[in-house]
Structure formats: structure tokens, C-alpha cells
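So the structure is just underneath, and the comments pick up after that.
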Amino acid sequence: MVGLPNIDRSHVVKDVVADLLQRALDALIAEGKLPLTERPAIRVEHARDRGHADLASNVALTLAKPARRPPRELAEEIVAALPGDDRIDRIEIAGPGFINFFLATGARNAIVRTILEAGATYGHSDAGAGRSIQVEFVSANPTGPLHVGHGRGAALGASVANLLAATGWRVEREYYVNDAGRQMDILALSVWLRYIEAHGEAVAFPANGYHGAYVRQIAGALQAKEGDGLVHAAASVAHELPPDAGDGGDAEAHIDALVERARTLLGDDGWERVFETGRHAMVENIRQDLAEFGVVYDRWFAERGLYTGDAVERTLERLRRSGHVYSHDGAEWFRASAYGDEKDRVVVRDNGQTTYFASDIAYHLDKLERGFDRLINVWGADHHGYVARMQGALRALTDGDDRLEILLVQFATLYRGGEKIPMSTRAGEFVTLRELREEVGNDAARFFYVLRRCDQHLEFDLDLAKAESQDNPVYYIQYAHARIASVFSQLEARAGTWDRGRGLAHLDRLGTHHETELLAALERFPEVIAQAAANREPHRICYYLLEDVANAFHTWYNAETFLVTDETLRDARLALVAATGQVIRNGLELIGVSAPESM
RNA sequence: GCGCCCGUAGCUCAGCCGGAUAGAGCGUCGGCCUCCGGAGCCGAAGGUCACAGGUUCGAAUCCUGUCGGGCGCGCCA
């Protein structure tokens, strides 16, 4: 993916205009008419309101101050110095000093050829210049199936990764498997309790254990692998444990004691086999779930690996040496407050155990050592309290370099029949990603998840996502694509063929209002991708496809017949139809949604 | 109490590295139409951009404060 070709943009009218303005300014500066020391950056924008213009520039406004001239007067002078171009019909100066360009009919037609020639790469660019970037996302603890909240992180992370790849970054997608903590011990314990329960050794299930049905399934797998070799009598398991919450005790103390008991009864080897069965089953469950969702990783990084080696200790030692970690009150602290965090954070507890934060720093040091130019983490918004310390740690490890970016994803709420679906992790009310996918389909799920900005709460309307009507935005876009395929099969049914060369040779036959609108939308695609990638905002792709492309296409389709008898006109229109299909496919690809030929 | 995110049309949301008369879909109201692909097409009404200051030639957009909503503030993971 390194060295994506530089795309020739001489056919993109917006760039043509920017170039003309640049030349006009250069000329004025050379003639001494503009007292500017540096060459100003030119900005040309698509006019929001077509009544104003097709393209507009505010250079005269921004230059007014440094040039000490009234903006309108400046605009007049720039316009007078503009070289001619037959793609521009006329130029006006409006409002406080905008230079408005009205394009000649057909000025944008050349984009059709560009799109058809670039095909699947149309819209891509090389802004990333082959630099490397790692996107770490989802990274849910493998203690249960993914739920709908994780789905949003998955859809966002995958789409952002695609956007970066499309803009010339070398992207690596990674899942950090938190398989080393106490929660994993509790999963192993839960599995084992269900396993002995299936052998008639029922122990009261702990309040803080994992109650989900999937635990019994894993217990079944354990049974298949181990037979009854790991069964212990219920009485020996429950013997003299501190009381659980239901018996007026402390749920945490109870379950920790149960874990210890299981370890003792099973021995290191037996415990490890139970643990590994649970870990493996859950990681595979998640991997499979995501793969079905179209989310595939380059690497699954196991937290456990940090402990089998000396990564955590090595990281701490490095921070101690550089003075970022100090001892206090029997614990060791990372000097997070030096990097804008509210306070310093413990990395080694007074009992000698390292904290989760310590292994997270070690993990991120590992990322740095792998040489990524940039790192992106996608986190649930409930983790925002960790942003400052994590970025602080990264700066401490890189001498102040700001290489880690964290995208926080707000919560998603599901609605069915206008009613909010309650979402707690309590058994029964838990909505998994798999259930959601099965109900609305992968396409709708991927689309709705990234439809909103990630820092916006998401109201996910299940009924709308399932609707086969044009109210459903995914359907509306996919329908445009299917319609395009249908136009060509319709042509075939009438024993006609599309002469692509003739179409491209007669693009000047395009020029109606609807065609011009559609052409303008297609021309904008590379900018939309560039901006979506730079801001990590895949929702822009959704809105672009929906409001700019699909809408313009449907409107055109409804207004005009493509399959006319005039062959040059027909072939030119079909070229535009084909180009539209290409842009829709490319856009949907970025957000992981399929582009069906028929629906 | 402190910190982060968000307050835009009746509803759900775009627009936010400052730019002209703030947009879309749904809903509401009024007209057409059944045509390559199926309730579709065209149009209208509807907004002090939460509020108050500030910066600027120009603010929904940047800064400060207030109010409202969400989330987070362990030697938990």
C-alpha cells in the first residue's frame, strides 16, 4: 500500500479554479500590486447555495488585512488578473468580497472518465504517505459475548481503519485481549462451577460470577475435553467460605475465596486447563462474531504475554530510571500529574502487585517499539477518565511526543416500537452484538453504528434498520446501487449494449440540472474521504452517500429515462450511471456495507 | 465538588480547523402520478443554533461563564 499514485487532479474543477487564483495572485505579487511577503494559501469551496455560485473563494477577504486593502477592491483586482479558462462561464464578486465562479455547462463531465478509470481506487489519496498507524479497537474482556456497545466500537474502528488505508496510511488493526486479570479468574471459576454442577455437584452460584448461558456451553466443552477428571465434591468446594452477598456477606470476598479454593483443589495444572478452556472459547467466540460482522484484525495481542516475559517490569524500570515513577506510601506511582492528569496514578500496589494501568503502559510501549508512527485507541466513553493518564504515559515514554490518539465512543441505546430497550448487564436484559446482527443484518448494523458522530449518543432504531423502505438510509443507498445494476440488465433485456467508449467520447451530452448535481457530488468524493479520514469521522461517508449521491441519483432517475434511442446520449448517461455505481460501491466498502446488485 | 462529552426545526440528526439567506430525513399541510424496480414525485409551513458575555470585518462554529442532560472520578479490572 506504500506509495499510492499521486492522482492527477487537473480535471477537478475546484483545483483548476484554485490554480487560476494562485496564478493571479502570483502575478499581482510579481507586479508589486500586492504587498505580501508570503504566498497565501488559496481556499476554494463548493458554494453552499447554488444560487450564489458553483464555486467560491474568500481569498480577498482573508488577504484584506495583510494587504491593507478593502476586500471588494482586492477581489476586483484578482478577478482582472485571472487567466481565462473555458470551464468557467462567468465570475462575480459578491457580498463582502467573495469571488464566485459559475461553471460552464459540462465543466465537470471529465470526472466520469476519471472515476471509471480509477475504479475501486477512485476517491483514494496518499495523504498518509505510507506512514504507519495502528488502530486498536473493541478490546473487550473475553469474559462474555460482545454486546451492542462493543458493536459501535467495532464498526467505528473498522471504518476509521479503512479510511486511513484509503488515504495512504499503512494500517494495522489490533485487538488487545485482556486475558490476565481477576475477571478472567472469575470466568474460569464460573465455567468450573457449571461443569461440576453438570456432574451433580451443585454449589450455590456466586452473585458476582458470570451467569450467562454461554458459561454452561463452555462447561460442556470442558466436559468434552476433560471428562469428569476435574470434578470435586460440592462440600469440599463450599467448605467454610466467607458468606456471599445473598447471605449478608461481601460478594467480592466470597468470590475471591472461591477462586482460591478452586485453585487449591484443582492444582496449578488443573486450574490452568479450566482457565484456558474458558479463555480460548471466549476469544474464539469474539473473533468469530467480529469476523461475521466484517471486522477482521491483523493481530490479537494477549495481555498474558506481557507477564510471561518481563515486559511490565522492564517498562516500570524504564520509567523509574527516567524519574516518571516514584515510591510513596509503600506503592509506586506514575507521575501523571506532570502531563495534565488530575493526580499521580499507582502502578505497583503496596502488596507488590502491578495494576492494570502498569500492564497497559507496557502494552503501549510494545506498540511504540513496533515502530508505528501513530496510534489510535477506540474506547468506550466510560473510560474517559483514563485518557489523561494513558496519554501522559505515552508522552513519558516518547519524550513528550504526542503519538496516541483516543477516540471515545458514546453509548448506543436500542429502540423498538418507539420504546427504549433497557440495557443492563443483568442476565436476560443483555443484548448481544450477535442478536442485533441477527435481527437487523450486518449491513444495517454497520451503517447505523457509524451514522452518528462517535461523541454523540446513538439512538438505534431497530424498526427503521429493518425497514425495506426508502425511509431506511441503508436501504435507500443500496437501492440506488441495485437500480444501477438494474438499468444495465434492463438494457441487456432490450438487446442493447453499452458502448463505454462512445459514452466517454460524448460526455458533453450531459448537462441537465440533475446530471450536473450528480457530477458535482461524484467529484467531491475524494475530499469527503480525506476529511472523514483526517477527522476520524466515518459518518461523513454515510451522509455523503445518502444526501449527496443516492439522493441525486434517485432524483435524476425519477426525472429522466436513461435508455433512450439516441445512442450517444444513452451511452453518455450510462457512463454517468456506471460512475455513480462505482462511487457508491467505494463508499459503502469504507464503512463495511455491501453494495447489492439486486434486492 | 472536580473532569470529559453533548444541548441546532415537533422527532432523529448533519453542518463546527469562522464566511453569504443554518440543512436532511421523519412527522404535518397542499398538489401530481402509477412510469427502467415495488406508496412514488413535486412543493409549503416549521429554528432567538440552551442562555449570557467576549474575540472578529464576519460566530451555530473560537474563548469564558451559567443552566440542562450523559458519563467518569479506587493502591478495581
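Within every chain, numbering begins at 1; the chains are lettered A, B, ... in the order of the sequence lines, protein sequences first and strands thereafter. Nothing here was measured: the structure is a model prediction, and the numbers come from that model.
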> Could a donor-acceptor pair under 3.5 angstrom be found where the side chain of A:Asn100 meets the base of B:A20?
Replying inline: yes

> So what does A:Glu560 touch, heavy atoms closer than 4.0 Å: a base, only the sugar-phosphate, or nothing?
Replying inline: base

>> Can you see if the side chain of A:Arg452 gets near the phosphate of B:G15 - specifically, an N or O under 4.0 Å from OP1 or OP2?
In response: no

> Of the nucleotides B:A20, B:A77, B:C13, which one has an atom closest to the side chain of A:Ala94?
Replying inline: B:A20

> Which base, if any, makes a Watson-Crick or G-U wobble pair with B:U55, both distances under 3.5 Å?
Replying inline: none

> So does A:Arg540 get a side-chain nitrogen or oxygen closer than 4.0 Å to the phosphate oxygens (OP1/OP2) of B:C16?
Replying inline: yes

> Nearest of B:C41, B:C76, B:C71 to any side-chain atom of A:His384?
Replying inline: B:C71

> Among B:C75, B:C76, B:A20, which nucleotide sits nearest the side chain of A:Tyr386?
Replying inline: B:C76

> So, is A:Arg453 near the phosphate of B:C16, with a side-chain N or O under 4.0 Å from OP1 or OP2?
Replying inline: no

> Roughly, in whole Å, what's the span from OH in A:Tyr544 to C1' in B:G15?
Replying inline: 17 Å

> Which sits closer to the 5' end of RNA chain B, A:Phe411 or A:Arg483, going by the nucleotide each is nearest to?
Replying inline: A:Arg483

> What is the pairing partner of B:G27, taking Watson-Crick or G-U wobble pairs with both distances under 3.5 Å in any strand?
Replying inline: none

> Does B:G7 have a Watson-Crick or wobble mate here (both distances under 3.5 Å), and if so which one?
Replying inline: B:C67

> Atom NE2 of A:His539 to atom P of B:C16: distance rounded to whole Å?
Replying inline: 8 Å

> Just how far, in rounded Å, is P of B:G69 from CD of A:Gln456?
Replying inline: 17 Å

